[in-house]
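A short worksheet on the structure shown next.
Letters A, B, ... are given to chains in the order of the sequence lines, protein chains preceding strands, and every chain is numbered from 1. Computation of the quantities below employed the complete heavy-atom set of this structure, encompassing side-chain atoms and omitting hydrogens, waters and symmetry-equivalent molecules.
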Amino acid sequence: MTGPDAPLAPILETAGLTKRFPGVLALDEVAFSLRPGEAHALVGENGAGKSTLIKVLTGVYRPDAGSLLFQGAPLRPATPLDAQRAGISTIYQEVNLVPLMSVARNLYLGREPKNRLGLIDFGRMHAEAERTLREYGVSVDVRAPLRTLGLGAQQMVALARAVDVDARVVIMDEPTSSLEPREVETLFGVIGRLRERGIAIVYVSHRLDELYRVCDRVTVLRDGRVVHTGALAELPRLRLVALMLGREVEQVRREGLTRFSGERTASADEPVLVAEDLRVRHLVDGVTLRIRPGEIVGLGGLLGAGRTETAKAIAGALPLDGGRVSVAGVPLRRRSTAAAIRGGISLLPEDRKAEGIVPGLSVRDNIALAALPRLSRFGLVSERRVDRVVATFMERLRIKAAGPHQPVGELSGGNQQKVLLARWLALHPKVLLLDEPTRGVDVGAKAEVQRLIDELAADGLGVLLISSDLEELIEGSERVVVLKDGAVVGELVGEDVTEDALLAAIADAAGPDGTAPVPAAPGGEAGSG
Amino acid sequence: MADLALARVRPDRTVLLRWLRDYGVYAGVAALVLVNLALTPNFASLDTLRVQAVQVTPILIVALGMAVVIGTGGIDLSVGAVMAVAASMISLYLGYGPVAAVLAALLAGAVSGLVAGSLVAFVGVQPIVATLALMIGGRGLAEVMLPQLDTFRNPELRALGSGMFLGVPYVVLIAVALTLVVVFVVRRTTFGRQVLAIGGNPAASALAGLPVRRVLIGVYVLAGVLAAVAGVLATARLGASDPTRLGELMELNAITAVVIGGTALTGGRVRIAGTVAGAVLMQLLTATLIMHNLPQSWTQIASAVVIVLAVWVARERGRN
Ligand SMILES: Nc1ncnc2c1ncn2[C@@H]1O[C@H](COP(=O)(O)OP(=O)(O)OP(=O)(O)O)[C@@H](O)[C@H]1O
Ligand SMILES: [Mg+2]
């Protein structure tokens with residue numbers, strides 16, 4: 001164990017770390033050093049090499065050159081398990097647990113408590129799992145399969161697992177991207193406790209406010225190179241962004257950080273989307289939504305409030321027990337994703353890895369996937385038309401890839417997200433349902449995506465926006481509908497769409513002790529507080 | 001030997017494994033041809049080439065369908081039984097003329113595929129279970145329809161089995177044509193793209209509005225029809241319908257050809273050229289050992305070694 005008197009000797013240090021993939025230099029002589037007990041931010045644009053650095057540190061990839069010192073001794077982990085045994089624990093960007101195994105099994109995978117016969121002691125495992133998870137604000141049935149949990153809770157299980165293995169270094173790759181504000185607080189609490197125990201944290205995130213809240217030092221990567229490393233507090237926010245993007249501070253200041261213009265005036269037209277009294281057993285309870293052309297409607301609420309399910313129900317991906325959906329006055333008669341798409345509804349799903357990308361297919365095929373019937377004639381794909389669409393969107397969304405033929409699985413997380421967005425925009429929808437559209441997207445690209453949403457709305461598209469990034473939800477939407485337990489419990493309109501009002505509405509909806517009134521709440525639940 | 005080379009040049013390992021996965025099967029075929037040219041008398045003759053080409057056709061045609069099924073992440077164990085059913089159908093319907101008999105056989109293949117596909121797509125039965133049931137049931141059905149070997153004299157059907165055009169057997173021409181068709185389907189049609197997408201990520205495909213069920217059914221129907229074609233050709237060549245033995249172990253041979261051809265069992269990738277080479281490799285391996293009078297068990301061991309190698313290469317590649 002490291003003594004408390006040696007706080008300055010780095011616990012983890014790399015020099016000249018280089019990793020090349022076909023067509024890209026993902027890491028270029030990276031020198032990175034981590035002190036015990038510090039929280040170190042690792043930032044950079046999508047594709048800058050953050051995840052790659054982490055994967056090299058933890059034995060997922062072998063570096064092409066360079067050295068890695070851990071607690072003063074050279075370390076060359078061959079597998080993530082090696083790294084974990086040495087004391088480096090990781091929560092990867094994409095949750096990688098075993099969805100079909102129970103929550104408790106996932107938590108203790110590979111180190112299950114055994115009884116005297118050498119068999120897994122399920123009683124003890126379940127009890128301990130429950131206790132551990134409660135510390136992370138997760139109270140669930142630990143015997144249930146992991147996949148029954150929401151993404152946020154799954155992330156918490158991954159975190160609990162990472163910390164619980166007696167780590168000296170905990171690496172978190174975009175840990176908050178699927179967390180609720182409340183869970184983020186829990187996470188920060190955990191980080192604080194870890195640091196008191198002298199555990200060093202590497203924290204990757206595109207959410208700058210979080211970085212300034214939890215991190216002491218920062219390393220900025222750009223195109224695989226370290227362009228800055230130093231104390232975070234001394235680095236103004238604009239300068240940090242400028243470093244990441246490789247632009248001048250002035251230019252960044254001029255362009256601003258969020259790109260929602262906030263000046264839209266929704267037309268008084270007939271709604272482009274009407275969803276009435278949607279019901280899906282246990283999940284959605286009579287939700288009614290109307291979106292006019294050019295309007296961005298936010299959907300607020302906590303995890304499990306039914307936001308994703310509402311979006312899926314509209315898009316035909318969940319079987320409805322009741323309710324109607326119509327687009328531009330035309331009711332959707334058949335309930336299927338194909339019918340919804342034909343009707344003009346596109347859904348960008350929340351879980352990029354499980355429901356979005358087809359990792360083995362190329363960027364090109366992924367973008368063209370949903371639009372394929374329109375890009376073919378008599379069942380034959382028109383390569384020329386596909387090429388044109390793909391080129392347009394790769395340029396418009398600035399997708400960073402070796403080329404249209406690179407498998408999507410090799411792109412950085414943010415660029416995968418852009419590919420998905422391109423897939424849905426290529427359909428020229430009338431209504432766009434966006435479930436966490438900027439999750440894992442860097443500041444520069446986030447602004448681009450937001451501006452794009454704005455532009456699309458200006459072109460008369462109706463947009464439903466789900467985001468756990470409150471700032472995004474507030475600046476993006478002119479109206480926010482708040483859900484709880486699958487039902488609408490409030491609505492914020494125009495001037496009322498503020499962070500405080502939204503938090504109050506959510507809090508009121510969440511707990512019996514919430515006292516703040518829900519503004520503009522249409523009867524029902526709101527009176528019971 | 002290969003192991004040592006791998007250990008020493010570590011940085012090139014990924015590249016080497018990728019190369020092995022993508023081109024290993026062709027290298028294997030080339031190596032076997034060279035060995036035979038050196039060791040087997042009369043190997044370099046048109047006759048040998050013709051015999052080898054004719055013998056590989058059943059596996060090859062069945063493997064084409066299998067590759068597409070595997071591309072969706074599924075598997076079809078019923079192909080051998082479908083060949084047997086096709087043989088029985090030929091015998092039963094030959095009275096109505098050879099065309100009717102062949103059509104009946106192909107129809108049986110399509111129906112079998114329809115059943116397998118529906119079980120997988122609508123009922124949600126795992127492909128391996130659904131097609132295992134069909135494999136057992138199909139073979140039984142074939143034997144019920146035609147309890148013993150039935151030799152026939154129909155000249156047209158016999159010509160289909162042993163006739164030639166410009167020195168190339170009809171069966172080989174048909175196999176080449178079917179290969180080209182399947183390549184075209186996989187590469188150029190929406191159906192082909194959708195097969196790959198569904199194999200790569202079924203949930204994402206469903207959300208993207210792909211007709212997942214229709215594609216799955218189509219894939220099993222394709223495999224069934226191709227197996228029936230293989231059954232018809234084999235029967236025609238034999239001059240007899242043999243529902244008890246025809247197509248035995250064919251499912252395993254076809255899967256082997258697909259896997260060593262570089263198509264992953266997890267789905268999302270289909271390599272037709274590799275599959276063809278895989279079938280040729282298996283055929284040459286068997287032929288080489290037979291031509292040198294080695295017992296059949298050697299052939300099985302040799303195939304096993306090749307499969308293990310192929311799977312190992314695929315696995316190792318995934319790690320890097
Ligand atoms: N397995 C791979 N094969 C080929 N290229 C890869 C592979 N993994 C990453 N890359 C490339 O390396 C570069 C760095 O990717 P990396 O995932 O490290 O980015 P990142 O900084 O984590 O981005 P993000 O913020 O989007 O998660 C990208 O250009 C990416 O396309
Ligand atoms: Mg990343």
Might you point out which heavy atoms bring Arg193(B) and Glu383(A) nearest each other, and give the distance in Å?
NH2-OE2, 2.7 Å
Chain B interface, residue from Val358(A), Val381(A), Asp365(A) that has the most non-hydrogen pairs under 4.5 Å:
Val381(A)
Among Ala203(B), Pro202(B), Gly200(B), Gly209(B), which has the most heavy-atom pairs under 4.5 Å with chain A?
Gly209(B)
Toward chain B, the part of Leu347(A) with a non-hydrogen atom under 4.5 Å:
side chain
With a 4.5 angstrom heavy-atom cut-off, could you sort out which part of Leu369(A) is near chain B: side chain, backbone, both or neither?
both
Expected contact set for residues 331-344 of chain A against chain B at heavy-atom separation under 4.5 Å reads Thr337(A), Ala338(A), Ile341(A)
Contact winner vs chain A - Ala197(B), Ala206(B), Pro211(B), heavy-atom pairs under 4.5 Å:
Ala197(B)
Options Ala317(A), Gly360(A), Ala368(A), Gly379(A), ranked by heavy-atom pairs under 4.5 Å with chain B, top entry
Gly379(A)
So which part of Ile357(A) gets closer than 4.5 Å to some heavy atom of chain B, the side chain, the backbone, both or neither?
backbone
Provide the closest heavy-atom pair for Arg423(A) versus Ala208(B) in the form atom of the first, atom of the second, distance.
NH1-CB, 4.3 Å
Stepwise side chain to side chain contact (heavy atoms under 4.5 Å, CB included) test for Leu380(A) and Phe184(B)
CA-CA 10 Å; Leu380(A) 298 187; Phe184(B) 181 79; 3.6 Å; yes
Just wondering, more than 12 heavy atoms not from Gln126(B) lying within 6.0 Å of its CD?
no
Residue part contacting chain A, namely of Arg188(B), when any heavy atom lies under 4.5 Å:
both
Measure the CG-CH2 distance between Leu207(B) and Trp424(A) for me, rounded to the nearest 0.5 Å.
6.5 Å
Greatest number of heavy atom pairs closer than 4.5 Å to chain A - which of Asn201(B), Leu196(B), Leu210(B):
Asn201(B)
